[in-house]
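The structure appears right after this line, and notes come after that.
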Amino acid sequence: MSRSQIVAEHLPLLRRYARALTGNQASGDAYVGAMLEALLQDGSLLDQTHGPRAGLFRLFTQIWNSVSVNNNDNDDVATLSLPPERRLSNITPLPRQAFLLLSLEGFSEEEVGYILGTDIAETRKLTDAAGREMAAEIATDVLIIEDETFIAMDLESLVKNLGHNVIGVARTHSDAVALAKNKKPGLILADIQLADGSSGLDAVNELLRTFEVPVVFITAYPERFLTGERPEPAFLISKPFQPAMVSAVASQALFFQRNSRNRTPRAASA
């Protein structure tokens, strides 16, 4: 398989990881773009010792950890066009990378160690540190937008076990808007395509016109929303999902909401 084919195959999920790590589509894509530029200049940078996907994530990590925005230095920020409200000076980079690589991307501990340049013992320490950091998140009220009964029940149970309160489960666009009017949620978990033909994405965008809230989208077809052809959800989970994946991404979304200085309403996606 050619290098371009390898990149094309794994790029969508790398972009998902990048935006989960940065909390922003544009920022995540800027880092991915920097990685691609480096790879075009020197193809030998792609180490496939643990397979092409792990090699791409390893190269991305090297780019991510080398940019000074992650070391409280602003000199390189302009080159990546990162919005100032998303600077990550308060984040502990390596623990969250380890946690997301394990929980969101499904890499093994050995692969995570390869990607981050750590051994398994250090990888486990990093993951534990991320767990403690995320456990410090303030509990919030959660709105679930999901039309499949059993998935909605699983999400509700998971959210409660994380210490959050579920204000309701909406199965349609109109249900979601009605529930949010009664009590504004602090987090939304939303399916994109609902059974009655309405759109969870449209419902979320309508809500975001009146107040700001972090949103995690859940879909069986993530590749349809990771094309780079239009604005995309910042936090995206694939069905079927693992509880650890939902926990990791929801915590990331809440972390960035808590640390963001930008409090103006915005749209999730076109």
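For reference, positions follow the sequence shown, starting with 1. Just so we're clear, the structure is a prediction, and the values are computed from it rather than from any experiment.
Looking at heavy atoms from C-beta onward, Leu126 lies out of side-chain contact with Phe99 at the 4.5 angstrom threshold. In this structure the side chain of Asp47 reaches within 4.5 angstrom of the side chain of Arg58, judged on heavy atoms. Using a 4.5 Å cut-off on side-chain heavy atoms (C-beta onward), Phe217 and Val215 make contact. Counting heavy atoms from C-beta on, the side chains of Leu236 and Thr219 come closer than 4.5 Å. Thr149 places a side-chain heavy atom less than 4.5 Å from the side chain of Arg171. A heavy-atom distance below 4.5 Å is found between the side chains of Leu21 and Leu100. Between Leu39 and Leu56 the shortest side-chain heavy-atom distance falls below 4.5 Å. By the 4.5 Å heavy-atom criterion applied to side chains, Ile145 and Asp191 are not counted as neighbours.
The ring pair (Phe, Tyr, Trp, His ring centres under 6.0 Å) search around Phe60 returns Tyr17, not counting sequence neighbours. Remark: Glu105 pairs with Arg16, Arg53 by the salt bridge (charged side-chain N to carboxylate O under 4.0 Å, His left out) rule, at least two apart or across chains. Annotation: salt bridge (charged side-chain N to carboxylate O under 4.0 Å, His left out) contacts of Lys160 (sequence neighbours excluded): Glu156. Residues that satisfy the ring pair (Phe, Tyr, Trp, His ring centres under 6.0 Å) test with His10, not counting sequence neighbours, are absent from this structure.
At distances below 3.5 Å, not a single donor-acceptor pair connects side-chain atoms of Glu122 with backbone N or O atoms of Asp119. The closest donor-acceptor contact from the side chain of Ser66 to the backbone of Ile63 lies under 3.5 Å. When atom types are taken as modelled, the side chain of Glu111 and the backbone of Ser108 share a donor-acceptor pair closer than 3.5 angstrom.
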So Val7 and Leu36, side chain to side chain contact (heavy atoms under 4.5 Å, CB included) or not? Walk me through it. CA-CA 9 Å; Val7 171; Leu36 294 176; 3.6 Å; yes
Test side chain to side chain contact (heavy atoms under 4.5 Å, CB included) on Gln62 and Met35 and set out the steps. CA-CA 9 Å; Gln62 291 169 343; Met35 184 212 71; over 6 Å; no
Give the intermediate values and the outcome of side chain to side chain contact (heavy atoms under 4.5 Å, CB included) for residues Leu254 and Leu187. CA-CA 7 Å; Leu254 287 170; Leu187 173 70; 4.2 Å; yes
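Side-chain atoms of Asp175 and Thr172 include a donor-acceptor pair closer than 3.5 Å.
In this structure, NZ on Lys184 lies 6.0 Å from OG1 on Thr210, to the nearest 0.5 angstrom. Rounding to the nearest 0.5 Å gives a distance of 7.5 Å between OG1 of Thr118 and CG of Leu94. Rounding to the nearest 0.5 Å gives a distance of 8.5 Å between CG of Leu158 and NE2 of His164. Rounded to the nearest 0.5 angstrom, Phe107 CZ and Ile115 CD1 are separated by 4.0 Å. Interatomic distance, Leu189 CG to Glu146 CD, rounded to the nearest 0.5 Å: 10.0 Å. Summarising the geometry, atom OG1 belonging to Thr140 is positioned 9.0 Å from atom CG belonging to Asn165; distances are rounded to the nearest 0.5 Å.
Shown here is Lys183, whose NZ atom has no more than 12 heavy atoms of other residues, nucleotides or ligands within 6.0 Å. In this structure, Glu110 places its CD atom where only 12 or fewer heavy-atom neighbours from other residues, nucleotides or ligands lie under 6.0 Å away.
Shortest non-hydrogen contact noted between Phe57 and Leu14 is CZ-CA, 3.7 Å. When all heavy atoms are compared, the tightest approach of Ile6 to Pro52 is CG2-CB, 3.4 Å. Nearest heavy atoms, Ala38 versus Leu45: O-CD1, 3.4 Å. For the residue pair Ser199 and Leu194, the shortest heavy atom distance occurs at C-CD1, 4.4 Å. Here the shortest heavy-atom pairing between Gly113 and Thr123 reads CA-OG1, 3.5 Å. A pairwise comparison of heavy atoms in Thr61 and Gln97 identifies CG2-OE1, 3.4 Å as the closest pair.
A continuous path of ILVMFWY side-chain contacts below 4.5 Å connects Phe211 to Leu143, so both sit in one hydrophobic cluster.
Note on residues 34-43: no pairs pass salt bridge (Lys or Arg N to Asp or Glu O under 4.0 Å), not counting sequence neighbours.
A cation-pi geometry, defined here as NZ or CZ lying under 6.0 Å from the six-membered ring centre and within 45° of its normal, does not hold between Arg19 and Phe235.
Hydrophobic cluster membership for Met153: Phe150 (Ile, Leu, Val, Met, Phe, Trp, Tyr linked by side-chain heavy atoms under 4.5 Å, directly or transitively).
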